[in-house]
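As a basis for the values below, the full set of heavy atoms in this structure was taken, side chains included, without hydrogen atoms, waters or symmetry mates.
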Amino acid sequence: MITIGFYKGHNATACILKDGEILASVSEERFNRIKNADVFPTQAINYCLEQVGISAKDVDLFVRIYEHPEGYVNPYGETKSQKLMDTILYPSKYLKKLTFQFPSLGFFLKDCYIFLSKYILAPIFKIQFRVNMAKFLGIDGKKIVFANHHLCHAYAAYYGFVPLKDQQKNQLVITLDGEGDSLCGTVWTVEKGKWKKIAATLGGNSIATFFGLITHFLGMKMNEHEYKVMGLAPYVSQYETSKVYPLLKDLFWIDDDLMIHSKYPSGSYLYYFDKFLIHKRFDGVAAAAQIFVEQLVVELVKKAIKRTGIKNVVVSGGFFMNVKANKKISEISEVENLVVCPSASDESAPFGGAYYGFQLQGGLNANNVESLYLGPEYSDREIEGLIFKEKNKKYKVKKYSDIEKEIARLLAEGKIVGRFKGRMEWGARALGNRSILMDPSRVDLKLELNDQVKSRDFWMPFAATILAERAKEYIVNPKNINASFMAIGFDTTAKARKDLAVAVHPADFTCRPQILTKKDNPHYWRLIKYFEELTGIGAVLNTSFNYHGEPIVCSPEDALHTFKVTGLKYLALSNYLLVKKNA
C-alpha cells in the first residue's frame with residue numbers, strides 16, 4: 001500500500017508512505033534552489049519514487065493537499081494557474097482598500113468567493129488537474145485524489161508526531177494558517193480514534209495573515225521573514241510596546257464556539273497599518289504584534305480546553321512556526337502535554353495527505369515519523385568525484401576515518417564548520433546533516449558567523465543542538481515536552497546562558513533547541529560527545545547550511561557552492577575535510 005502526498009503551492013513538497021510508514025520527503029526548493037518554490041513538485045515526487053525503487057504506476061494513490069485546486073500541472077509537467085481563477089482574483093487586490101473601508105462588504109465578497117470556488121469552480125478544476133497530472137505521470141486518473149488542507153495539517157501532526165501510546169488518550173488538535181480550502185483555522189477532538197471537527201474559522205479572519213502583513217509592513221518578506229519579527233520582539237521596551245498594543249488589541253476576538261473573528265478582512269490590514277502604525281517605531285510594532293498573537297492563541301487553547309476537557313494539545317499549520325507562541329501554549333497551566341508539528345507550515349501537510357490516502361485504502365495502523373532525515377543521500381564515490389575536480393584549487397583536502405572527532409576538535413579551537421553527511425533532513429530546520437556548527441559559548445565568533453557566513457540580521461539568535469542527557473542542565477522543560485525538532489522555545493538555565501551564549505536569545509534568554517538522542521542521529525551525537533569531552537559543553541550551535549536567502553543545501557555541489565561564496569573556511573563533506581588555504 002503506497003501513497004504519495006504532495007503540495008503544489010508555497011514551498012511545494014512531496015512525501016511517500018508505504019504500509020503506514022513515511023519513507024521519504026523533500027521540498028522542491030532543495031532541487032531547483034528557489035526558496036519556498038511555488039511550483040508543481042516534480043523533482044520531489046521523482047525523488048520519493050526513486051527512494052522506494054518504484055515508478056508512478058506502482059503508487060496506489062496520489063493525494064493533492066487542497067480540495068479547491070487553483071493551479072495545476074499540464075501534461076508536460078509545467079506549473080500553470082487557472083486563467084478563469086486569475087480573472088476572478090485579479091480585481092481583488094484593488095478591492096482591498098475598499099474592503100478596509102467597508103469591512104462588511106469585504107466579508108460578503110469573501111463568502112461569495114468561497115461559494116463560487118467550492119461549488120462551481122473546484123469541481124471543474126479538479127477534472128482538469130486530474131486529467132493533466134495523469135497524462136504527465138502516465139497513470140490512471142482515478143489514482144489522484146484531493147484532501148482538505150486543514151485536515152492534512154491536523155493528520156500530519158497527530159499521526160506523524162503524537163506517539164502511538166499517547167494516541168490512546170484524547171487529543172485536542174488545532175490548526176492555524178494563512179488560508180487553505182477557504183479556512184484559516186480549525187479545532188478538532190480525537191477521542192478513541194474518532195475525529196470530530198468542533199470549530200472552523202473562515203478565510204479572511206487569519207491571525208497568520210495579520211502577522212505576515214506586519215512582516216511586510218516592516219519591510220521584510222511575508223511568508224518568509226516572520227521569524228525576524230518574532231526574534232526582534234523581546235528586545236523592545238514596555239514603553240514602546242505600549243504605544244502600539246492598544247491599536248491592535250481589538251482587531252481579533254474569539255467567540256465561545258472557538259471561531260476567530262477579525263474586525264477587517266485580514267488581507268486588507270496593510271491599509272490599517274498605513275493609517276494607524278505609520279509613525280510608530282518599527283520595534284514597538286514587532287513587539288506588540290508578537291504579544292498580541294501570543295495572547296490570541298493562548299486564549300483559543302484555553303477556551304478549547306474548557307469546552308472539551310481535553311488537556312493534550314496538538315498544533316499544526318504555518319502560524320505554529322512561531323516558536324515563542326508555542327512556548328506560551330506550553331506554559332498554560334491546563335495543558336498537560338503539547339505536540340508541535342515540526343516545520344508546521346505547508347511543507348508538512350503532505351504527511352497528512354499520505355496518512356489520509358492510507359486511510360482511504362483501509363489502512364488502520366499508521367506509524368509515527370521516526371526520523372526527519374528523509375531526504376537525499378550521496379555516496380562516497382559521488383563526493384570523491386566532486387572533490388577530485390576541485391583538487392589543487394583553493395582547498396586542502398584530507399579524508400578522516402573519524403571525521404566527527406576532527407570536527408569536534410576544530411569547534412573546540414573556535415572554528416566554524418559546515419557539516420554535510422548522510423540523508424538530508426526534511427523541513428525548515430537543519431538537524432545536523434546539513435548544518436553549520438560552532439562552539440555555542442564563543443560570543444566573540446558571533447559576528448564572523450553572522451557577517452561572513454550567514455548574512456543574518458544582527459538581532460537574530462541562533463539555535464543549539466543539545467545532547468538529551470544534558471537537556472535538563474540547559475533548558476527549563478518541566479512537562480517534558482518533545483523538543484527534538486527546533487519547533488518550540490524554552491526558558492534557559494544560568495548554565496545555558498554561559499555555555500550556550502550564542503544560541504540563547506540575548507534579551508529574554510530563551511532557546512529553540514534540538515534535543516538529540518544517540519538513536520536520532522548516531523554520528524552527529526558522537527560529534528557532540530567528542531566536543532563535550534574537549535570543552536565540558538554538551539551542545540553545539542547549529543544553524544542551517546545555506547547562504548541567506550537560499551534553501552538549505554541538498555547536494556555536495558550545493559555545499560561546495562555555499563563554501564565558495566561565503567567566508568566559511570572548513571567544510572566536512574561526509575568523511576572529507578576541505579580547508580581553504582587561507583584558513
Side-chain angles (χ1 to χ4, degrees), residues 11-13 26-39 41-44 46-47 50 221 224 347 373-400 403 406-407 410-411 415-438 445 448-457 462 524 541-583:
N11 206 1
T13 300
V26 67
S27 296
E28 193 75 5
E29 65 165 19
R30 303 297 171 86
F31 298 118
N32 66 16
R33 309 307 300 159
I34 301 170
K35 192 162 186 176
N36 294 319
D38 184 352
V39 295
T42 303
Q43 295 180 84
N46 287 338
Y47 161 73
E50 291 167 5
K221 192 172 181 180
E224 188 171 326
E347 60 268 20
Y373 301 102
L374 296 166
E377 184 173 15
Y378 297 84
S379 68
D380 284 347
R381 173 173 283 189
E382 291 173 289
I383 292 171
E384 287 170 2
L386 177 65
I387 291 174
F388 181 78
K389 293 178 184 177
E390 297 293 324
K391 199 172 181 180
N392 298 323
K393 290 190 177 180
K394 298 179 180 179
Y395 320 112
K396 295 177 283 186
V397 181
K398 185 176 180 180
K399 186 175 183 179
Y400 288 85
I403 190 74
E406 180 61 15
I407 296 172
L410 291 168
L411 298 180
K415 305 299 191 291
I416 301 170
V417 182
R419 183 176 189 264
F420 180 103
K421 190 163 188 173
R423 293 186 71 177
M424 180 182 68
E425 47 272 77
W426 160 88
R429 311 301 183 203
L431 299 175
N433 283 4
R434 303 292 187 275
S435 291
I436 295 172
L437 308 177
M438 192 183 87
L445 298 176
E448 178 183 346
L449 181 60
N450 254 336
D451 288 355
Q452 297 185 36
V453 181
K454 292 289 290 184
S455 295
R456 283 165 57 104
D457 299 290
F462 290 95
Y524 187 36
L541 181 149
N542 171 9
T543 187
S544 57
F545 194 169
N546 65 300
Y547 188 64
H548 187 69
E550 291 187 350
I552 295 173
V553 301
C554 176
S555 69
E557 290 82 2
D558 300 333
L560 190 60
H561 165 75
T562 303
F563 183 53
K564 289 177 179 178
V565 301
T566 66
L568 191 64
K569 296 176 182 178
Y570 298 85
L571 170 60
L573 272 178
S574 188
N575 295 313
Y576 291 88
L577 182 68
L578 281 67
V579 183
K580 287 179 179 174
K581 291 184 177 178
N582 63 349

Mind checking the [atom1]-[atom2] spacing from [X] to [Y]? Nearest 0.5 Å is all I need.
X    : Y    : atom1 : atom2 : answer
N546 : R33  : CG    : CZ    : 8.0 Å
I416 : L410 : CD1   : CG    : 11.5 Å
N575 : I383 : CG    : CD1   : 8.0 Å
N11  : I34  : CG    : CD1   : 12.0 Å
L431 : Y373 : CG    : OH    : 5.0 Å
L578 : L573 : CG    : CG    : 5.5 Å

Exercise for review: Only one of C554, S574, P556, S435 passes side-chain contact (heavy atoms from CB on, under 4.5 Å) with F420; say which it is.
Suggested key: P556
Give a yes or no on whether the backbone of [Y] and the side-chain of [X] come within a donor-acceptor separation of less than 3.5 Å.
X    : Y    : value
R434 : K421 : yes
E382 : S379 : yes
E28  : A44  : yes
Y47  : G375 : yes

Shortest non-hydrogen separation from [X] to [Y] and the atoms involved:
X    : Y    : result
A559 : F545 : O-CZ, 3.8 Å
A572 : I407 : CB-CD1, 3.6 Å
T566 : V453 : CG2-O, 3.6 Å
K580 : G567 : NZ-C, 4.2 Å
G427 : I552 : O-CD1, 4.1 Å
V26  : W426 : N-CD1, 4.3 Å

Mind checking salt bridge (Lys or Arg N to Asp or Glu O under 4.0 Å) for [X] and listing every partner two or more places apart, or none if nothing turns up?
X    : value
E406 : R409
D380 : none
R419 : E404
K399 : E384

Review point. Which residues pass the ring-ring contact (aromatic ring centres under 6.0 Å, His included) test with F563, sequence neighbours left out?
Key: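 Only Y395 meet the ring-ring contact (aromatic ring centres under 6.0 Å, His included) criterion with F563.
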Practice item. Take R456 and T543 through the test side-chain contact (heavy atoms from CB on, under 4.5 Å) and record every step on the way to the result. Key: CA-CA 11 Å; R456 283 165 57 104; T543 187; 4.1 Å; yes
Practice item. Given side-chain contact (heavy atoms from CB on, under 4.5 Å), test T562 with I436 step by step and report yes or no. Key: CA-CA 11 Å; T562 303; I436 295 172; 5.6 Å; no
Exercise for review: Determine whether K396 and K581 make a side-chain contact, defined as any pair of heavy atoms from C-beta on separated by less than 4.5 Å.
Suggested key: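 Result yes, sub-4.5 Å side-chain heavy-atom pair found.
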Review point. With side chains defined as the heavy atoms from C-beta onward, is the minimum distance between N542 and L437 less than 4.5 Å?
Key: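 Yes, side chains in contact.
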Revision key, fill the gap. Here the salt bridge (charged side-chain N to carboxylate O under 4.0 Å, His left out) pairs for residues 423-432, sequence neighbours left out, are none
Review point. Is the number of heavy atoms from other residues, nucleotides or ligands within 6.0 Å of NZ (K564) greater than 12?
Key: yes
**Study point:** Steps toward side-chain hydrogen bond (donor to acceptor under 3.5 Å, both in side chains) verdict (E29, S27)
**Key:** CA-CA 5 Å; E29 65 165 19; S27 296; 5.2 Å; no
Review point. Any side-chain donor-acceptor pair under 3.5 Å between K454 and S544?
Key: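 Yes, S544 and K454 have a side-chain donor paired with an acceptor closer than 3.5 Å.
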